[in-house]
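Please read the structure below before turning to the comments.
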Amino acid sequence: MRMENVRPISPSVADPSACLVDTIRRALAKKDLDAFADLYAERAVLEELSQLDPPSHPHLAEGREAINERLHQEILHDPVSGWARQLASIEVTDAIETDDAIAFTEVRTYAAGDKVIAQHLARKADGRILRDRVLLVWDSQ
């Protein structure tokens with residue numbers, strides 16, 4: 001990637017050329033999953049890959065509303081048991097953005113001390129996330 005294509009971080013998503021990294025970072029730091037979901041385009045697709053959803057059968061959420069529901073389910077519930085769990089924090093690390101793509105890592109820490117890493121690689125259009133492929137790994141207990 002040529003560094004001249006990387007834009008400085010901007011908090012606005014109203015401008016299609018603005019970067020999303022700071023907005024994503026703020027929404028997740030506040031644990032505001034609705035604000036995070038609002039950064040997806042209306043017709044966006046979220047593709048999750050994990051131990052439970054391998055490449056041959058990824059979990060797909062299509063459309064902003066379905067993505068919002070999936071984020072609440074996946075982030076606030078244990079991936080194996082399905083039990084609700086308390087989210088202590090989400091930190092965004094290793095973020096980079098170009099005019100048409102964004103990549104970042106989420107580090108989720110739960111009240112019990114376990115962690116989940118979510119690596120996002122996404123395409124964007126009109127200042128919003130259009131297609132997001134997420135690789136998830138978590139602590140086994």
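Glu74 is linked by a salt bridge (Lys or Arg N to Asp or Glu O under 4.0 Å) to Arg108, counting only residues two or more places apart in sequence or in another chain. With sequence neighbours left out, Asp32 forms a side chain to side chain donor-acceptor pair (under 3.5 Å) with no residue at all. Residues that satisfy the side chain to side chain contact (heavy atoms under 4.5 Å, CB included) test with His72, not counting sequence neighbours, are Leu33, Asp34, Asn68, Leu76. Partners of Gln119 under the side chain to side chain donor-acceptor pair (under 3.5 Å) rule, at least two apart in sequence or in another chain, are Thr105. With sequence neighbours left out, Glu65 forms a side chain to side chain contact (heavy atoms under 4.5 Å, CB included) with Glu69. Listed by chain and residue number, nothing satisfies the side chain to side chain donor-acceptor pair (under 3.5 Å) test with Ser56 (two or more places apart in sequence, or in another chain). Every residue two or more places apart in sequence or in another chain was checked for a side chain to side chain contact (heavy atoms under 4.5 Å, CB included) with Ala88, and none qualifies. Every residue two or more places apart in sequence or in another chain that forms a ring-ring contact (aromatic ring centres under 6.0 Å, His included) with Phe104 is listed here: His120.
A side-chain donor-acceptor contact under 3.5 Å links Lys124 to the backbone of Thr98. Glu48 contributes no side-chain N or O that, together with a main-chain N or O of Asp53, makes up a donor-acceptor pair within less than 3.5 Å.
The CZ atom of Arg131 sits 9.5 Å away from the CG atom of Leu46 when rounded to the nearest 0.5 Å. With rounding to the nearest 0.5 angstrom, the CD1 atom of Ile117 is 14.0 Å from the OG atom of Ser50. In this structure, CG in Leu28 is found 6.5 Å from CD1 in Ile75, a value given to the nearest 0.5 Å. To the nearest 0.5 Å, atoms CD1 (Ile90) and CD1 (Ile24) are separated by 12.0 Å.
Heavy-atom minimum distance, His77 versus Gly82: CD2-O, 3.2 Å. The two residues Val92 and Ala95 make their nearest non-hydrogen contact at CG1-CB, 4.3 Å. Of all heavy-atom pairs spanning Ala122 and Ile129, the tightest one is CB-CG2, 3.8 Å. Contact between Leu136 and Gln51 at its shortest, heavy atoms only, is O-OE1, 3.6 Å. For the pair Val134 and Ala118, the tightest heavy-atom approach, listed with the atom from each and the gap, is CG1-CB, 3.8 Å. The two atoms that bring Leu49 and Pro55 nearest to each other are CD2-CA, 3.6 Å, heavy atoms only.
Around CZ of Arg85, the count of heavy atoms belonging to other residues, nucleotides or ligands within 6.0 Å exceeds 12.
Criterion: ILVMFWY side-chain heavy atoms under 4.5 Å apart, direct or through other members. Under it, Leu87 and Ile67 are part of a common hydrophobic cluster. Using a 4.5 Å cut-off between side-chain heavy atoms of Ile, Leu, Val, Met, Phe, Trp and Tyr, with links allowed through other members, Leu52 and Val137 fall into different hydrophobic clusters.
Listed by first and then second residue, the side-chain hydrogen bond (donor to acceptor under 3.5 Å, both in side chains) pairs involving residues 86-95 amount to none (not counting sequence neighbours).
Grouped with Leu130 in a hydrophobic cluster is no other residue, since no side-chain heavy-atom contact under 4.5 Å to another Ile, Leu, Val, Met, Phe, Trp or Tyr is found.
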List, one per line, each side-chain donor-acceptor pair under 3.5 Å for residues 37-45, sequence neighbours excluded.
unit_1: Tyr40; atom_1: OH; unit_2: Asp132; atom_2: OD2; d: 2.6
unit_1: Glu42; atom_1: OE1; unit_2: Arg64; atom_2: NH1; d: 3.0

